[in-house]
K.L.:
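My questions all concern the structure below.
Computed from heavy atoms alone, side chains included, the values below leave out hydrogens, waters and symmetry copies. Chain letters run A, B, ... following the sequence lines, proteins first, then strands; residues in each count from 1.
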There are 2 protein chains.
Amino acid sequence: MPSVDERATQQRLIDAARALVEADGVEGLSMRKVAADVGVAPTAIYWHIGGREALMHAVLDAMIADLPSLAARGSTPRTRIASLAAAMRSQVLATGPAHQLAAELGRGAELSFPAQVALAREVAAAGLSGHAAADAVRSVLFVVGGFIMIEDNYRHRQPGSRTTQELWQAVGEPGIDDDLRTTMATPTDTNALFTFTVERLLDSLLD
Amino acid sequence: MPSVDERATQQRLIDAARALVEADGVEGLSMRKVAADVGVAPTAIYWHIGGREALMHAVLDAMIADLPSLAARGSTPRTRIASLAAAMRSQVLATGPAHQLAAELGRGAELSFPAQVALAREVAAAGLSGHAAADAVRSVLFVVGGFIMIEDNYRHRQPGSRTTQELWQAVGEPGIDDDLRTTMATPTDTNALFTFTVERLLDSLLD
DNA sequence: ACCTGAACACCGTTCAAGT
DNA sequence: ACCTGAACACCGTTCAAGT
């Protein structure tokens, strides 16, 4: 009966690794910490799972299995596309470590694929087909995905580093009126900016 | 005459660190390698510059000083904004390590700020002002910056990992016609997609 | 089959000591 | 003022050895 105990220890190792990633991000995952948490020698991980990268893949597999599925809402294709964009963003915000892991392992395509298919369906329902439809799907995907990455980047900035607003407070440029300058010196509402950007893109993509 | 030698060694340490970052990215930077390259004990870096993070800041400062400035081209505000977007992307592609370092140190705002000011000027020239202008500037910034990050992410994906195209080849979804599916299974031309996305966004932002 | 211990080749950092 | 050497607390990984 080796396979029962085998899977038990293997599962405990993956669970411990997952807990570390969820608590401190990918950089918090260490072979030695995982081993210590399970009460085993670090080298036992190599027997059960493999190296650090194999462990990361196993953790990501477990996370993907628990990922909530996202559904479009709304009665028109346009509102449904906008709702998908918002759902993609919420999902990443709610499952950050899974996406960090996926990015590190080059498995981002896997995570975004369901959203991609859902988007394609709505874009087709909006009346686009062929190349025009593919361009629209990819455009929305890149904008939504990119927006999320920038937001994430901004969130993890070091304390003490200059923000864009602070830099705008000091600037005195010709050709830029006071109203614009003071607005740029104001913190960005990323929720509102996300909605605004997606809506403006859809204005043009869907005629 | 301490300050002359001081700066000489300090400069050599920063140059060596910069070379490592430019060759292998931030993860290629190690205190021990820098010290070995300069022919000094690792601990000497702590005397001259400080810890690893201080060294990274010093390298980034040097890189920023060498950054090419970007200028808008074209006769209409719209073409000038599009040219700025393209210039931002080329600059990041040409100076990747500087942006990687800036992202890690939370100094991304500093690097994007000149482009931000140039964009604001052109958006104002296009007739927008106040909140509408600020929204347009930020929207373009997030889209361009996000696009670049996604592209970069895609470029660094592990060999063997599933690409989006490969996943589309296997799918058989209702509501998605064959033409769209086969197009999605085709590799993305990111150059064309970038131009397309920026143009569609400007369609709506600039009326 | 399952796991340990010792070992190797790395890290960043501190600090007393030398000149 | 400038630098070294020893030391500490970490890494991931390999491999022979044990049961």
Side-chain angles (χ1 to χ4, degrees), chain A residues 1-60 97 100-101 103-106 156 158 160, chain B residues 1-60 97 100-101 103-106 156 158 160:
Chain A
M1 66 222 83
S3 87
V4 171
D5 285 2
E6 157 73 78
R7 273 200 228 176
T9 308
Q10 192 172 312
Q11 199 53 56
R12 285 167 66 211
L13 288 168
I14 294 169
D15 289 347
R18 179 175 178 171
L20 284 177
V21 171
E22 265 158 3
D24 303 313
V26 186
E27 65 276 12
L29 175 68
S30 118
M31 308 297 275
R32 295 173 127 100
K33 277 191 225 157
V34 169
D37 288 352
V38 174
V40 90
T43 51
I45 306 174
Y46 290 82
W47 166 262
H48 284 286
I49 292 158
R52 190 181 134 95
E53 199 167 302
L55 183 56
M56 285 164 68
H57 277 289
V59 169
L60 179 57
Q100 197 197 348
L101 216 40
E104 205 116 337
L105 295 170
H156 293 135
Q158 309 272 52
Chain B
M1 65 220 84
S3 87
V4 172
D5 285 2
E6 157 73 77
R7 272 199 229 177
T9 307
Q10 193 171 312
Q11 198 55 55
R12 285 167 67 210
L13 288 168
I14 294 169
D15 289 347
R18 180 174 178 172
L20 284 176
V21 171
E22 267 159 2
D24 304 311
V26 186
E27 66 275 12
L29 175 67
S30 118
M31 307 299 273
R32 295 174 128 101
K33 277 191 226 156
V34 169
D37 288 351
V38 173
V40 90
T43 50
I45 306 174
Y46 291 82
W47 167 262
H48 284 286
I49 293 159
R52 188 181 136 95
E53 199 167 302
L55 183 55
M56 285 164 68
H57 277 290
V59 169
L60 180 56
Q100 196 196 351
L101 216 41
E104 204 115 337
L105 295 169
H156 293 136
Q158 309 273 55

K.L.:
Roughly, in whole Å, what's the span from CG in B:L20 to P in C:dC10?
P.N.:
14 Å
K.L.:
In whole angstrom, what separates B:M31's CE from D:dA9's P?
P.N.:
20 Å
K.L.:
Does any part of the side chain of A:R52, heavy atoms only, come nearer than 4.5 Å to the side chain of A:H57, both counted from C-beta?
P.N.:
no
K.L.:
If I take atom CD in residue B:E27 and atom P in nucleotide D:dG12, what distance separates them, rounded to the nearest angstrom?
P.N.:
16 Å
K.L.:
Distance check, P atoms only: D:dC10 and C:dA9, in whole angstrom units.
P.N.:
22 Å
K.L.:
Between atom CZ in A:R32 and atom C1' in C:dA6, what is the gap in whole Å?
P.N.:
11 Å
K.L.:
Among the candidates C:dT4, D:dT4, C:dC11, find the nucleotide nearest to the side-chain atoms of A:V40.
P.N.:
C:dT4
K.L.:
Between B:E53 and B:E104, does the side chain to side chain contact (heavy atoms under 4.5 Å, CB included) criterion hold? Intermediate values first, please.
P.N.:
CA-CA 10 Å; B:E53 199 167 302; B:E104 204 115 337; over 6 Å; no
K.L.:
Under the side chain to side chain contact (heavy atoms under 4.5 Å, CB included) rule, what do B:V59 and B:D15 come out as? Steps first, then yes or no, please.
P.N.:
CA-CA 8 Å; B:V59 169; B:D15 289 347; over 6 Å; no
K.L.:
For the residue pair A:A17 and A:L29, what are the closest heavy atoms and their distance?
P.N.:
CB-CD1, 3.6 Å
K.L.:
Which nucleotide in the list C:dC15, C:dT4, C:dG12 gets nearest to the side chain of B:R52?
P.N.:
C:dG12
K.L.:
Sort out the partner of C:dG5 for me: Watson-Crick or G-U wobble, both distances under 3.5 Å, none otherwise.
P.N.:
D:dC15
K.L.:
Do A:L13 and A:D37 have side chains that approach each other closer than 4.5 Å (heavy atoms only, starting at C-beta)?
P.N.:
no
K.L.:
Output the rounded distance in Å from CG (B:L13) to P (C:dG12).
P.N.:
14 Å
K.L.:
Which whole-number value in Å describes the distance from A:Y46 OH to C:dC2 P?
P.N.:
19 Å
K.L.:
Separation of A:Q10 atom CD from C:dC2 atom P, in whole Å?
P.N.:
10 Å
K.L.:
Look at all strands and tell whether B:S30 reaches a base, only sugar-phosphate, or nothing, counting heavy atoms closer than 4.0 Å.
P.N.:
sugar-phosphate
K.L.:
Starting at CG of B:L29 and ending at P of C:dC10, how long is that distance when rounded to a whole Å?
P.N.:
16 Å
K.L.:
Considering heavy-atom distances to DNA chain D, does A:G51 or B:P42 have its closest nucleotide positioned more toward the 5' end?
P.N.:
B:P42
